[in-house]
Amino acid sequence: AGRGAHRRGVPAHPAPRRVFLAGGGMSQAGREALKHPLERLDYAQLDPAVVRIEQQQAPAPEDARLNVMTGDPRVLLEASREPYDVIVMNEGDPVSLLTGRFFTREFFTQARRHLARGGILALTVSSSENYVNAQGKAYARSVHATLVSVFGHVQVFPGERMTFIASDVPYMVTADLLAQRLKERGITTQFMRDYYLNDRMSPSRMAEVQAWLRLPGEVSTDMLPRASLRALVFATTRTGTGFAKFMGALEQAQWAVWLV
């Protein structure tokens, strides 16, 4: 639930009709997405067991617009015949080869191919509310560089989960715009309130992140998943253990990528 790319990705689009949602759970992400005036929501869950548990503990809403699918989201997305207005990736950080496949140039290219004109790809990564250490910045720059290598426009929103919105249309998503669209659509949410949006998307916070994102980042590919390496190194710095030093040493030696 904390991955929450749908919270900015869906309202960022002026008229979302078809949405592809990978992960995040139907009990929260799916229900929140269905509050918007969609015609169809394709919910993709990698693990069928998760869907079974959700149906037992928090059943999916009875909604004709909802289509629940199980399987690899990359395969399911490729099989879709109609383009999407928004593709939301709530699959978590790329700390394994499995999730790393959703943060590569090849996947972003695939997503772009399945977006309608003006479509949006939204995803989040672990970060920090305020201070972001060097490893966290390197991780975010890798994801940013990979998105920029595919999409014409990428906007970033700071926070504990940093949100990326990528499109070929130069959307300028602001706190006021998101609040206005939620109001126009008659949507009330627990987190996306005016005061929350204004704080998380304040000009000073946005400018600070943009300043260090302008530095060069490493493009991640299926064959060389650099974002996965950066995610792992950043994750170890948050544990306060000796493993962080071990991963840092491997990173310097350029070996860690082969362990991802």
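All residue numbers in this chain count up from 1 along the given sequence.
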For a quick check under 3.5 Å, do [X] and [Y] share a side-chain donor-acceptor pair by atom type?
X	Y	answer
Thr99	Ser96	yes
Gln110	Glu106	no
Thr237	Asn133	yes
Thr124	Arg161	yes
Asn90	His6	yes

What closest approach, in Å, do [X] and [Y] show between heavy atoms, and which atom pair accounts for it?
X	Y	value
Leu76	Gly71	CD1-O, 3.8 Å
Leu38	Pro16	CD2-O, 3.6 Å
His13	Arg185	O-NH2, 2.7 Å
Tyr171	Gln155	O-OE1, 3.3 Å
Tyr139	Ser126	CE2-O, 3.8 Å
Leu121	Met89	CD1-CG, 4.0 Å

Could [X] and [Y] be called an ion pair, given the rule that one side-chain N must be under 4.0 Å from one carboxylate O?
X	Y	answer
Arg101	Asp72	yes
Arg7	Glu32	yes
Arg40	Glu82	no
Asp176	Lys183	no

Kindly indicate whether the side chain of [X], heavy atoms from C-beta on, has any atom under 4.5 Å from the side chain of [Y].
X	Y	answer
Lys35	Leu182	no
Phe164	Met162	yes
Asp85	Ile120	no
Pro158	Arg200	no

If you round to the nearest 0.5 Å, how far is CZ of Arg65 from CG of Asp42?
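If we round to the nearest 0.5 Å, Asp42:CG and Arg65:CZ are 12.5 Å apart.
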Output yes when a side-chain donor or acceptor of [X] lies under 3.5 Å from a complementary backbone atom of [Y], and no otherwise.
X	Y	answer
Arg17	Pro37	yes
Thr109	Arg105	yes
Ser167	Gly119	yes
Arg205	Glu129	yes
Asp93	Val125	no

More than 12 foreign heavy atoms under 6.0 Å from CZ of Arg74: is that the case here?
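Yes.
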Below 30° counts as parallel, above 60° as perpendicular, anything between as tilted: where do the rings of Phe102 and Phe107 land?
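Ring orientation, 0 to 90° scale: perpendicular.
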Between Phe108 and Phe103, how do the two ring planes meet: parallel, tilted or perpendicular, split at 30° and 60°?
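Aromatic pair Phe108/Phe103 classed perpendicular.
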